[in-house]
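Structure, as structure tokens:
Order of the sequence lines fixes the chain letters, A, B, ..., with proteins taken first and strands second; residue numbering starts at 1 for each chain.
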2 protein chains.
Amino acid sequence: MIKERTTKQKTLILSAVQGTKTHPTAEQVHAMITDVAPNLSLGTVYRNLNRLAETGIIRRISVINSPDRFDGDLTPHHHISCTDCGKFCDFFEINYDAELDRVIEARSGFSIAKHETVFYGKCPECKNKELN
Amino acid sequence: MIKERTTKQKTLILSAVQGTKTHPTAEQVHAMITDVAPNLSLGTVYRNLNRLAETGIIRRISVINSPDRFDGDLTPHHHISCTDCGKFCDFFEINYDAELDRVIEARSGFSIAKHETVFYGKCPECKNKELN
DNA sequence: TTCTTAATAGTAAATATTACTAATAAGGAG
DNA sequence: CTCCTTATTAGTAATATTTACTATTAAGAA
């Protein structure tokens, strides 16, 4: 019995997210693919990104003053957002503490699937601009 | 010279956020006040919440599948979001590690003002519903 | 009390995301 | 290989969230 179909669009969307480190928004993913698939619909991008994120194949990140971003890198890591220019970066050098999830589970009664940490501040470039 | 004026609306909005633990969205803050100030405009709520959050008088929290939420409690703490029903709770029992911000600063070149951590999972009620 | 102008209400617009539907196409069955 | 079911899509409309704009109001300094 058919469950999920592999479409050209789905493949392109997943490849786009997995093939970049830019944490693109849905609209950016759409823009990345329209040269290969000119009439790819933005709705299709949203639908597939949502499903991929729910399945856990990609990560969805919610950021203040930004549309949701998507990350194909499942390696546990954190993110940094520049509150001036919106630049959005990975930060790998601090370990993601999966044990935290277990602690929260035990004390809150929730079953925790994951946590997302975003650091907010000013990137080096925006810090410099400030000095003028 | 005048810089910022204390208006009735501003006061009501701040009190509303500080007087609840429900982490209301802008629209919820608006609803909380309209009985006292029937023609308070939603735009005014957004404008004031944004400013209060920028100033650091309240916290803004960005959550997957939810409009932004606001928290009047500046005590460092984390949040838990139920991915089924959207319930949104505080979690105080794990310390907010401000030292993390300094580590990220040193290694990334950003100046970090804060970080926000949200745990995602299922609340006790939604876990039970699942068993039917 | 007057006067300047920050802030508001009300509305329109922009941005972000989801819903709907006829048409398309994936892939199992024959 | 062809047919058939139906998951998926393109295109569009609708909704949700947030910001922008402007005439009017009102905070608070002089």
Side-chain angles (χ1 to χ4, degrees), chain A residues 1-17 22-55 57-70 81 83-86 88, chain B residues 1-17 23-55 57-70 81 83-84 86 88:
Chain A
M1 59 245 39
I2 301 172
K3 282 262 169 94
E4 175 155 359
R5 291 180 183 175
T6 305
T7 67
K8 195 165 40 174
Q9 294 88 337
K10 199 172 291 184
T11 307
L12 284 168
I13 290 164
L14 178 56
S15 308
V17 176
T22 61
H23 315 88
T25 65
E27 195 157 347
Q28 287 168 342
V29 170
H30 183 251
M32 290 163 74
I33 307 178
T34 38
D35 53 336
V36 192
N39 42 8
L40 173 69
S41 149
L42 185 55
T44 297
V45 175
Y46 271 104
R47 188 168 7 85
N48 280 285
L49 289 175
N50 282 346
R51 186 170 326 182
L52 289 165
E54 275 162 24
T55 317
I57 299 171
I58 64 175
R59 279 171 77 178
R60 176 200 288 260
I61 314 156
S62 196
V63 190
I64 294 171
N65 286 325
S66 161
D68 282 1
R69 293 172 172 277
F70 296 88
S81 172
T83 48
D84 271 24
C85 70
F88 194 80
Chain B
M1 58 243 42
I2 300 173
K3 282 264 169 92
E4 174 154 0
R5 292 180 182 173
T6 305
T7 67
K8 195 165 40 173
Q9 293 88 338
K10 199 173 291 185
T11 307
L12 284 169
I13 289 165
L14 178 55
S15 307
V17 175
H23 314 88
T25 65
E27 195 158 348
Q28 288 168 341
V29 170
H30 183 250
M32 289 163 75
I33 308 179
T34 38
D35 53 336
V36 192
N39 41 8
L40 173 70
S41 149
L42 186 55
T44 297
V45 175
Y46 270 105
R47 186 166 9 82
N48 280 285
L49 289 175
N50 282 345
R51 186 169 325 181
L52 289 166
E54 274 163 23
T55 317
I57 299 172
I58 63 175
R59 280 171 75 178
R60 176 199 287 261
I61 313 155
S62 195
V63 190
I64 294 170
N65 286 326
S66 160
D68 282 1
R69 293 172 171 277
F70 296 89
S81 171
T83 48
D84 272 24
F88 195 78

Using the closest heavy atom to pick a nucleotide of DNA chain C for each, name whichever of B/Gln9 or A/Pro67 lands nearer the 5' end. B/Gln9
Looking across every strand, which nucleic acid part, if any, lies under 4.0 Å from B/Thr6 by heavy atom: base, sugar-phosphate, or nothing? sugar-phosphate
In whole Å, what is the span from the CZ atom of A/Arg69 to the P atom of C/dT17? 11 Å
Find which nucleotide of DNA chain C each of B/Asn65 and B/Gly43 is nearest to by heavy atoms, and output the residue with the more 5' nucleotide. B/Gly43
I want to check a possible cation-pi pair here: A/Arg69 against A/Phe88, using under 6.0 Å from ring centre and within 45° of the ring axis as the test. yes
Side-chain contact check for B/Asp68: nearest option of C/dT17, D/dT9, D/dT18 is D/dT18
Can you tell me how far P of D/dC21 sits from OH of B/Tyr46, to the nearest Å? 18 Å
Whole-Å distance between D/dT18 C1' and B/His30 NE2? 14 Å
B/Leu42 CG to D/dT18 C1': how many Å, rounded? 9 Å
So, is A/Arg47 near the phosphate of C/dA19, with a side-chain N or O under 4.0 Å from OP1 or OP2? no
So, for A/Arg47 and A/Thr44, which heavy atoms are closest and what is the spacing to 0.1 Å? NH2-OG1, 3.1 Å
With the side chain defined as heavy atoms from C-beta on, A/Arg5 is closest, among C/dT5, D/dA7, D/dA10, to D/dA7
Quick check on D/dT9: is either OP1 or OP2 less than 4.0 Å from any side-chain nitrogen or oxygen of A/Asn39? no
Verdict with reasoning, B/Lys10 to B/Glu4, per salt bridge (Lys or Arg N to Asp or Glu O under 4.0 Å): CA-CA 11 Å; B/Lys10 199 173 291 185; B/Glu4 174 154 0; 3.3 Å; yes
In whole Å, what is the span from the NZ atom of B/Lys8 to the P atom of D/dA27? 8 Å
Would one find a side-chain N or O of B/Thr44 under 4.0 angstrom from OP1 or OP2 of C/dA9? yes
Of A/Leu42, A/Leu49, A/Asn48, the one forming a side chain to side chain contact (heavy atoms under 4.5 Å, CB included) with A/Tyr46 is A/Leu42
Would you say A/Thr7 places a side-chain N or O within less than 4.0 Å of OP1 or OP2 belonging to D/dA7? no
Measure from the side chain of B/Leu40, starting at C-beta and using heavy atoms only, and say which of D/dA10, C/dA9, C/dT17 lies closest. C/dA9
Would you indicate which nucleotide in D/dT17, D/dA10, C/dA9 comes nearest to any side-chain atom of B/Glu27? D/dT17
NA contact type, A/Lys10, heavy-atom cut-off 4.0 Å: base, sugar-phosphate, or nothing? sugar-phosphate
In whole angstrom, what separates B/Asn48's CG from D/dT18's P? 15 Å
Separation of D/dT19 atom C1' from B/Asn50 atom CG, nearest Å, is 9 Å
Is B/Ser15 reaching over with its side chain to a backbone N or O of B/Thr11, donor-acceptor style, under 3.5 angstrom? yes
May I have the distance from B/Ile64 (atom CD1) to D/dT17 (atom P), rounded to whole angstrom? 16 Å
